[in-house]
Peer 1: 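Below: one structure in structure tokens.
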Number of protein chains: 2
Amino acid sequence: MEKDARTKLIETATQLFAQKGFNTVSIRELARTAKVNSALISYYFGSKEGLYQEVLEEQFILIAQMLRMFEEIPPASPIESITLYAKNIAVIHQQRPYLTRFIISEIINPTPCCEAVIKKYISRIFRFLHATLEEGIAAGDFKPDLNRDFAIVSLAGIMNFFFIGKPIFLEFTSSSEKIGEEYTAQALDTFLNGILRRKEHE
Amino acid sequence: MEKDARTKLIETATQLFAQKGFNTVSIRELARTAKVNSALISYYFGSKEGLYQEVLEEQFILIAQMLRMFEEIPPASPIESITLYAKNIAVIHQQRPYLTRFIISEIINPTPCCEAVIKKYISRIFRFLHATLEEGIAAGDFKPDLNRDFAIVSLAGIMNFFFIGKPIFLEFTSSSEKIGEEYTAQALDTFLNGILRRKEHE
DNA sequence: GTCTATATTGCGATAGAC
DNA sequence: GTCTATCGCAATATAGAC
């Protein structure tokens, strides 16, 4: 069965925007790659920017789902929260391989309309992690002098950097099927080990 | 004293390319902001891309310096190597606040001519850190089952992510003068703690 | 070394036929 | 819903005066 023009445009745009950036991709290239007429971009999405916004919102569906889940079923402990968060992120990276690229791209070179979308989700994740770390410090799990804001950035960096640089990283090392999951497992371990309160130093 | 057109163009281009990306900045905007005639871009740099390349190469001067220093005066131990590396990176971030942006921007959306520049430096850093981790594992400093490649990505993520997202990060938290150094100090601590071999678990 | 003027190409968007 | 044709504009780059 043949996909309709709208779907083909979204799928093609996701790839091209992620790989080349919003301004580098023209609607002509987009239409050619998707094998549809370029006038259909205006017809379905109003403009090139409208198409981009649709792509961007689609990228965040799984993040929204995860955040909803954490609100409905809060994990038992801070360590469990962070572990579950990391595992979710690993799965999301598999299903939305370009998500981090879009986020970083927007952070570095914000586009007018969509800054609001990105910031909305980032601030929700930020608040969730902040509360989790706060709780963990209060419970004595994490180092008491830990700067929470910094720790959040470190966690974000350690969990996401791999997926930004994955293509270039694979040029320097060997690869495997489940490399993303393997990476996140070690990264989470390093981070948790790094912020854990060491009983023997008390 | 008045700066010459060439210098003004380089300085303006560094800012604009970093903030908006190569394709979003036009030579007209560049010339207007630098208060020089737009034809001078071709005159001095051959093309917009030539100007970009010049900007990019300038960004890596301090990285090259650091790598040369590590070759000439190798640190005494792996832990010292990584600590010194982190401190150097923190200083470089202060003096070249856009460096990480350029690197990440090139990784996400590579431009034709300059991919070679970026990859050259990344691979040199990668090799240095790989050797350092190898040595540290052999010496029993770091966890013996550590995946070296992953650890390098984690270190890069933890050290650099802050500087990509700094503007947006500052919207979520309070700031101070030396925030970059404060961040890198905690991040390095977290990372080293995270990969250290724990004597009490032997 | 710096300017104006312009050649050329490609862009995003739309009108209107089918 | 999809097409062709085209409008208006902005892009990079360059020729040639000063």
Peer 1: Among residues at least two apart in sequence or on other chains, which ones pass ring-ring contact (aromatic ring centres under 6.0 Å, His included) with B:Tyr44?
Peer 2: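 For B:Tyr44, no residue satisfies ring-ring contact (aromatic ring centres under 6.0 Å, His included) once neighbours in sequence are set aside.
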Peer 1: For DNA chain C, find the residues of residues 7-14 of chain B with a heavy-atom distance under 4.0 Å and give them by number; none if there aren't any.
Peer 2: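 The stretch gives none, as no residue of it lies under 4.0 Å from the strand.
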Peer 1: In terms of ring plane angle, is the pair A:Phe169 and A:Phe162 parallel, tilted or perpendicular, where the classes change at 30° and 60°?
Peer 2: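 A:Phe169 vs A:Phe162 ring planes: perpendicular.
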Peer 1: What string of B, S and - do you get for nucleotides 11-18 of chain C, 5' to 3', when a contact is any protein heavy atom under 4.0 Å?
Peer 2: BBBB----
Peer 1: With sequence neighbours excluded, what pairs up with A:Tyr98 under the ring-ring contact (aromatic ring centres under 6.0 Å, His included) test?
Peer 2: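 ring-ring contact (aromatic ring centres under 6.0 Å, His included) list for A:Tyr98, sorted by chain: empty.
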Peer 1: For B:Phe191, give me all partners under ring-ring contact (aromatic ring centres under 6.0 Å, His included), at least two apart in sequence or on another chain.
Peer 2: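 ring-ring contact (aromatic ring centres under 6.0 Å, His included) check on B:Phe191 returns nothing, list empty.
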Peer 1: Hey, do the aromatic rings of B:Phe161 and A:Phe161 have their centres closer than 6.0 Å?
Peer 2: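 Centroid distance B:Phe161-A:Phe161: not below 6.0 Å, so no.
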Peer 1: Can you tell me the distance, in whole Å, between the NZ atom of A:Lys35 and the P atom of D:dC3?
Peer 2: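 These atoms are roughly 13 Å apart.
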Peer 1: Only pairs under 3.5 Å count here: list side-chain donor-acceptor contacts from residues 54-68 of chain A, not counting sequence neighbours, and write none if there are none.
Peer 2:
| residue | atom | partner | partner atom | Å |
| --- | --- | --- | --- | --- |
| A:Glu54 | OE2 | A:Arg6 | NH2 | 2.4 |
| A:Glu58 | OE2 | A:Arg96 | NH1 | 3.3 |
| A:Gln59 | OE1 | A:Leu99 | N | 3.3 |

Peer 1: Angle class for the A:Phe17/A:Phe22 ring planes (parallel below 30°, perpendicular above 60°, tilted otherwise)?
Peer 2: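 A:Phe17 vs A:Phe22 ring planes: tilted.
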Peer 1: When rounded to the nearest 0.5 angstrom, what distance separates CD1 in B:Ile104 from CZ in B:Phe163?
Peer 2: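 Here the interatomic distance stands at 12.5 Å.
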